[in-house]
Amino acid sequence: MENCYKCEDTEWPNQEKTLCIEKQIEFLSYAGDPLTLIFIISSVILFIIAAVILGIFISFRDTPVVRANNHTLSFILLVSIKLSFLSVFLFLGRPVDITCMLRQTSFGITFSIAVSCVLAKTIMVSIAFKATKPGSPWRKWVGVKLANGLVFICSLIQFLIIVFWLVIAPPFVEKNFHSEPGKIIIQCNEGSAIGFYLVLSYMGLLASVSFIVAFLARSLPDSFNEAKYITFSMLLFCSVWITMIPAYLSTKGKYMVAVEIFAIISSSCGLLFCIFLPKCYIILFKPEMNSKQYLLGKCNT
C-alpha cells in the first residue's frame with residue numbers, strides 16, 4: 001500500500017494490479033475491423049446499384065415512365081442517394097477535426113436534398129392530377145420551376161442550419177478516457193447538441209410532410225401512382241431514424257458510429273429501392289407499359 005500510485009489517463013492496471021498497461025484505442029478502423037469491412041462492401045455495392053439505375057434513367061430519359069414525374073428531380077435524387085452512400089466513408093477510420101465536421105454536414109445536406117426532391121415529387125403528383133381537370137387553376141403551377149424552387153428552398157434552410165452550427169460550435173475530435181474501462185475511444189464531439197438535433201429535426205420534418213402528402217395522394221389513378229412508392233419509402237425512412245435516435249444515445253464508442261452508418265445506409269436503400277425499382281422493372285421488363293398510349297389509357301380509366 002505504501003507504493004500504490006494511480007495510472008495515467010492513457011493507462012489501465014493489469015489484473016494483478018502490479019503495473020499500468022496502455023489502454024486499447026478504439027474507433028472504426030480500416031484495419032481488421034469486420035464492421036468496417038461490412039460497411040465498405042455495402043456502400044460500394046449500393047453505390048454501384050444507384051449508378052446503374054441512374055444510367056438506366058438517363059438512357060430512357062425521353063420515355064413516359066421517366067418523364068412522368070419530373071425526370072430532373074429523379075436525377076438529382078439519385079445523385080444525392082449516391083453521395084449519401086459515399087458519405088459513409090467519412091465515418092470510417094480514425095476521426096480528425098475535418099472529418100468530424102464533414103460527417104454531419106455532408107450527411108445533413110445530401111439527405112435534405114434527397115428528401116426535398118421526394119417532397120417536390122409528391123407535391124407535383126398531386127398538382128399534376130388536379131391540373132388534368134378542364135379549367136383547373138392548378139395548371140399554372142405545373143412545371144419544373146415550382147419543383148426546382150421547392151428543392152432549392154428546402155435544401156437552403158438545412159444549409160443555413162448547418163452553417164449556423166459550424167459557426168457557433170463546430171464538431172471536433174476528442175479522446176474519451178472514461179466511457180469504457182481499459183479503452184480510449186477516439187470520437188467526434190458534436191460541438192453543439194442543439195445544432196445536431198436541429199439538423200435531424202428538420203430532416204424529420206421534411207420526411208414527415210412528404211409522407212403525409214404522399215399518403216393522401218396514394219389513391220390517385222395508376223398513371224400518378226408514384227405517391228404509393230413514396231409513401232412506403234418515407235415510412236421506412238421515418239421508421240429508421242425514429243429507432244436510430246434511442247439506439248444512438250444508448251450505445252458507446254464505435255458502435256454509436258455504426259448505428260448512424262446503419263441508419264444512413266438503410267434509409268438510402270429505402271429511397272432507392274422503393275421509388276426507383278418499380279420504374280426500372282417497367283423500363284426493362286414491361287416496355288409495353290412504358291408508352292404514352294398506355295399511360296393515357298390508364299388515366300382515362
Is the count of non-hydrogen atoms from other residues, nucleotides or ligands lying under 6.0 Å from F177 atom CZ greater than 12?
yes
Does a side chain donor of either S74 or K121 reach within less than 3.5 Å of an acceptor in the other side chain?
yes
Once rounded to the nearest 0.5 Å, what's the spacing between atom OG1 of T72 and atom CD1 of I76?
6.5 Å
Ring geometry between F237 and F111 (parallel below 30°, tilted from 30 to 60°, perpendicular above 60°):
tilted
Which of these passes ring-ring contact (aromatic ring centres under 6.0 Å, His included) with W241: Y248, F107, F211?
F107
Could you tell me whether the side chain of C100 reaches within less than 4.5 Å of the side chain of E174, counting heavy atoms only?
no
If two hydrophobic side chains count as joined below 4.5 Å and joins carry through other members, does F232 share a cluster with I123?
no
With sequence neighbours left out, the residues meeting disulfide (SG to SG under 2.5 Å) with C20 are C7
Would you mind writing out the side-chain donor-acceptor pairs for residues 194-205 within the sub-3.5 Å range, not counting sequence neighbours?
{"from": "S201", "atom 1": "OG", "to": "Y197", "atom 2": "O", "distance (Å)": "2.6"}
{"from": "Y202", "atom 1": "OH", "to": "C154", "atom 2": "O", "distance (Å)": "2.7"}

Are any of the side-chain heavy atoms of L77 and F276 separated by less than 4.5 Å?
yes
Is any side-chain heavy atom of L92 closer than 4.5 Å to one of S29?
no
Do S84 and S268 have side-chain N/O donor and acceptor atoms under 3.5 Å apart?
yes
Cluster overlap I45 with F262, hydrophobic side-chain contacts below 4.5 Å:
no
Do F27 and I98 share a hydrophobic cluster, counting only Ile, Leu, Val, Met, Phe, Trp and Tyr and linking them when any side-chain heavy atoms are less than 4.5 Å apart?
no
Ring pair (Phe, Tyr, Trp, His ring centres under 6.0 Å) filter on Y281, not counting sequence neighbours, yields F285
Any side-chain heavy-atom pair from V44 and F89 closer than 4.5 angstrom?
yes
Taken to the nearest 0.5 Å, the spacing of I49 CD1 from I81 CD1 works out to 12.0 Å
Run through L90, V163, I162 and flag the one making a side-chain contact (heavy atoms from CB on, under 4.5 Å) with T105.
I162
To the closest 0.5 Å, what do you measure between CG (L272) and CG (L277)?
6.5 Å
What do you reckon, is CZ of F273 surrounded by more than 12 foreign heavy atoms closer than 6.0 Å?
yes
Out of curiosity, M234 CE to C274 SG, how far, rounded to the nearest 0.5 Å?
9.0 Å
K82 side, atom NZ; T110 side, atom OG1 - distance, nearest 0.5 Å
13.5 Å
Distance (rounded to the nearest 0.5 Å) between S116 OG and I109 CD1
11.5 Å
Within a radius of less than 6.0 Å around CZ of F164, do more than 12 heavy atoms belonging to other residues, nucleotides or ligands occur?
no
With clusters defined by side-chain heavy atoms of hydrophobic residues (ILVMFWY) lying less than 4.5 Å apart, directly or transitively, does L28 cluster with L86?
yes
Close side-chain approach of C188 and R103, heavy atoms under 4.5 Å:
yes
